[in-house]
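Reviewing the structure listed below.
Just so it is clear, the model here is predicted, and its values are computed rather than measured.
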Amino acid sequence: MTASEAVTDALRDLHARFAGVREGRRADYIPELARSDPDAFGLAVVSMDGHCYSAGAADTVFTLQSVSKPFVYALALSALGLDEVGRWVGAEPSGEAFNAISLEARTGRPANAMVNAGAIVATALVPDSPDHPAFSRILTCLSRFAGRRLDVDEDVYGSEAGTGDRNRALAYLIRSTGALPVDPVAAVDTYFRQCSVRATAVDLAVMAGTLAHGGVNPLTGETVVSPEVAAQVLAVMATCGMYNASGEWLLRVGLPAKSGVSGGLIAAGPARFGLATYSPLLDATGTSVRGRAALGALSERLGLHLMRNPALPGSTVTLVTTADVLPSAPSGSRERALHERVGVVAAQGALDFTAVERVLYALDESGPDRVAAVVLDLREVTGVDPVALSLLHAGLARLARDGRRAAVVDPGDRLGTPDLVRERTGQDLPRFGSREEAVERCAQAVADPV
C-alpha cells in the first residue's frame, strides 16, 4: 500500500456508490453498441505529473464515438488555425441535441464542432492527400493524445455505416449550403471511422489530461498540440461539449467535458487533471448516467470546479529525498546508513486536492523499499482545505498500515489536533518543531524498532 492510493480509494468509493445505478439505456440505434455490458463502469484520473488512478472497468475497451470530436477539432485547428476553421464551423452553444440540424440560417455553418453537424465539418477540414490520408492523420492524432497506438473496431464501424443515414443527411444538407468543403460521402465515412476508434477510460483520462496540460501528454511528455489550440478546444468543450445540458453541467460540475454514446465521458481540469468514466447506460442527452453522477460527485468531493482557484502547478513539493543527503546528515557510516532509511518530503503553500496529490505521491517516492520511515515537513504550508486534509490523513494511515513510520514537522498544526489525527490515521503521529529533530527521532526508531 502507498500513500497516494488514498486517491484510488476515493475513486473506489465513488465506483461503489454509483455502480448500482440502473437508470438509462444503451445506444441501440447503433446495433453493435447495444451489445455492450450494461454493468460495465470504470473511472480514471491522470495528473499533470503523469500519475494514473483508476477503479472498476477502467481498462475495458470501447469506441470513442463523440468523445473523438474535441481531438479531431484540435487537429483541424492545428492544421488550419482558428480563423480558417471558424469560417466553416462556429463556436456557439446550440442548445439542441447532438444530432440536431444546428445550422446558421444565413450561412449553413454548423453551430459548433461538438454537435454531429459541426464534427462532420471538422473531420472534413483535416488535410487529405494520397500520401497522408485524412483518417490516417486522425488516428495518429488520437493515438498521440492517448500516448499509445489506438485502433478501429471494424464491427462498430460497419454498424455505424449501416445505420448512419441521419448523419449522411446532415452532411448533404450542409453541402447544399456550401459549408462542407469535401464530398459528403467521404466526410461521413471518415467521421464514422473516427467514432469507431477504440480506447479505455484510462486512455481517455490521458487524452483529457493532455488538453488540461496545455497540449502536452502527461505520460509521454510529447507536445501533441500547442497551448493555444488546447485552450481553444477546452473553451468549446466548456460551452458546447455536453450539448443541450452544457450550461447545467458547467454550473454544477464546472469542468470542460465531452460525452459519447458508447458510454465514455471525459472532463479536464486545466493544469490539474484529466478525468474519464465509462458506463454505457445513457440519459436522454446521450450522456452516461453513472459517469455523469460520478464526475459530478468527484468534482464536488475534490474541489475541482473550474471557478475555484487551483494551486500553481509544481509549486507544492519542494523536497523529496532521503535524510542521508541532507546537510545535517552525520558522517559516521552506521549513522548515515540509518539516515538512508528515512525519507524526507517538504511542502509549501496552500494544499487543495491538486496539491495534496503531489504530496502523497512524493511520500511514496521519498525512498525505495528500504526506507522505513518518512518525515513530512509542513512548516511552509499556509493552509490545508478539508478535502486535502482528509486525503493527507488517509495517506498517512496507509503508510502506517504498510509498516512505515511517519513523523511531521507541523508547528502550525496544519494536520489538526492530536485527537483528530489519531482518529483519522489510527496512530499517535509524532510532531516536531524542526526537520532535524524529526529526522533524528525517526533514525533512532529505525535503529531500535521496539
Side-chain angles (χ1 to χ4, degrees), residues 30 63-92 94 96 98-145 150-154 156-197 224-225 229 232-233 236-237 240-241 258 260-261:
I30 300 175
T63 54
L64 297 180
Q65 300 301 322
S66 289
V67 175
S68 65
K69 293 172 181 176
F71 306 102
V72 176
Y73 182 53
L75 178 58
L77 289 170
S78 297
L80 302 177
L82 180 59
D83 290 341
E84 178 62 18
V85 171
R87 288 182 54 216
W88 301 95
V89 59
E92 296 297 332
S94 69
E96 297 180 305
F98 65 92
N99 60 357
I101 305 173
S102 300
L103 309 179
E104 287 183 348
R106 183 174 55 84
T107 67
R109 188 179 65 157
N112 61 73
M114 300 299 109
V115 294
N116 286 11
I120 291 168
V121 173
T123 297
L125 291 173
V126 174
D128 184 42
S129 68
D131 293 336
H132 299 286
F135 181 70
S136 177
R137 292 177 187 266
I138 289 171
L139 185 59
T140 297
C141 175
L142 294 172
S143 298
R144 291 172 68 204
F145 268 106
L150 304 180
D151 62 9
V152 174
D153 187 320
E154 294 294 344
V156 172
Y157 163 70
S159 188
E160 293 211 38
T163 58
D165 288 341
R166 184 176 182 88
N167 284 321
R168 291 188 182 92
L170 282 171
Y172 276 105
L173 182 59
I174 299 166
R175 179 64 168 173
S176 72
T177 70
L180 186 65
V182 300
D183 175 69
V185 174
V188 173
D189 184 72
T190 303
Y191 175 70
F192 288 153
R193 282 200 170 274
Q194 84 179 42
C195 290
S196 303
V197 172
V224 181
V225 294
V229 166
Q232 291 160 2
V233 172
V236 175
M237 286 172 61
C240 309
K258 187 72 201 76
V261 296

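Between the side chain of Lys69 and the backbone N or O of Met114, at least one donor-acceptor pair lies under 3.5 Å. One N or O on the side chain of Ser143 and one on the backbone of Leu150 form a donor-acceptor pair closer than 3.5 Å. Counting only distance, with no hydrogens or angles, the side chain of Lys258 and the backbone of Gly241 share a donor-acceptor pair below 3.5 Å. In this structure, Asn112 contributes its side chain and Ala91 its backbone to no donor-acceptor pair below 3.5 Å. Checked by atom type and distance alone, the side chain of Ser176 pairs as donor or acceptor with a backbone atom of Leu173 at under 3.5 Å.
With contacts defined as side-chain heavy-atom distances shorter than 4.5 Å, the pair Thr63/Val197 does not qualify. Using a 4.5 Å heavy-atom cutoff, the side chains of Asn116 and Ser66 are in contact. Counting only heavy atoms from C-beta outward, the side chains of Val115 and Cys240 never approach each other to under 4.5 Å. In this structure, the side chains of Phe145 and Thr140 stay at 4.5 Å or more apart for every pair of heavy atoms. Put simply, the side chain of Phe71 does not reach to within 4.5 Å of the side chain of Arg144, judged on heavy atoms. By the 4.5 Å heavy-atom criterion applied to side chains, Pro127 and His132 are not counted as neighbours. Taking 4.5 Å as the limit, some side-chain heavy atom of Arg193 sits within range of a side-chain heavy atom of Val152.
Across Glu160 and Cys195, no two heavy atoms sit closer than the pair OE2-CB, 3.6 Å. When all heavy atoms of Ala74 and Val229 are compared, the closest pair comes out as O-CG1, 3.7 Å. In terms of heavy atoms, Leu125 sits closest to Pro181 at CD2-CG, 3.7 Å. When all heavy atoms of Trp88 and Pro110 are compared, the pair lying nearest together is O-CD, 3.3 Å. Residues Arg137 and Ser129 come closest through the heavy atom pair NH2-OG, 4.1 Å. When all heavy atoms of Ile174 and Ala117 are compared, the closest pair comes out as CD1-O, 3.6 Å.
Counting heavy atoms of neighbouring residues, nucleotides and ligands inside a 6.0 Å radius, atom CD of Glu84 exceeds 12 of them.
Within the model, atoms CG of Asp189 and CD1 of Ile120 stand 11.5 Å from one another, a figure rounded to the nearest 0.5 Å.
Between Tyr172 and Asn167, the side chains place no donor N or O within less than 3.5 Å of an acceptor N or O (distance only, hydrogens not considered). Looking only at atom types and distance, the side chain of Ser196 has no donor-acceptor partner in the side chain of Glu154 under 3.5 Å away.
Remark: of the listed residues Leu82, Val72, Val236, Leu82 is the sole one forming a side-chain contact (heavy atoms from CB on, under 4.5 Å) with Leu77.
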**OP:** Give the C-alpha distance, both sets of side-chain angles, the deciding distance and a yes or no for side-chain contact (heavy atoms from CB on, under 4.5 Å) between Thr123 and Gln194.
**Re:** CA-CA 9 Å; Thr123 297; Gln194 84 179 42; 2.6 Å; yes
Original post:
Where do Ile30 and Gln65 land on the side-chain contact (heavy atoms from CB on, under 4.5 Å) test, with the steps shown first?
Top reply: CA-CA 11 Å; Ile30 300 175; Gln65 300 301 322; 4.0 Å; yes
Original post:
What's the verdict on side-chain contact (heavy atoms from CB on, under 4.5 Å) for Gln232 and Tyr73, showing C-alpha distance, side-chain angles and the deciding distance?
Top reply: CA-CA 10 Å; Gln232 291 160 2; Tyr73 182 53; 5.6 Å; no
Subject >> Ile138 and Leu75: CA distance, side-chain angles, deciding distance, side-chain contact (heavy atoms from CB on, under 4.5 Å) verdict >> reply: CA-CA 7 Å; Ile138 289 171; Leu75 178 58; 3.9 Å; yes
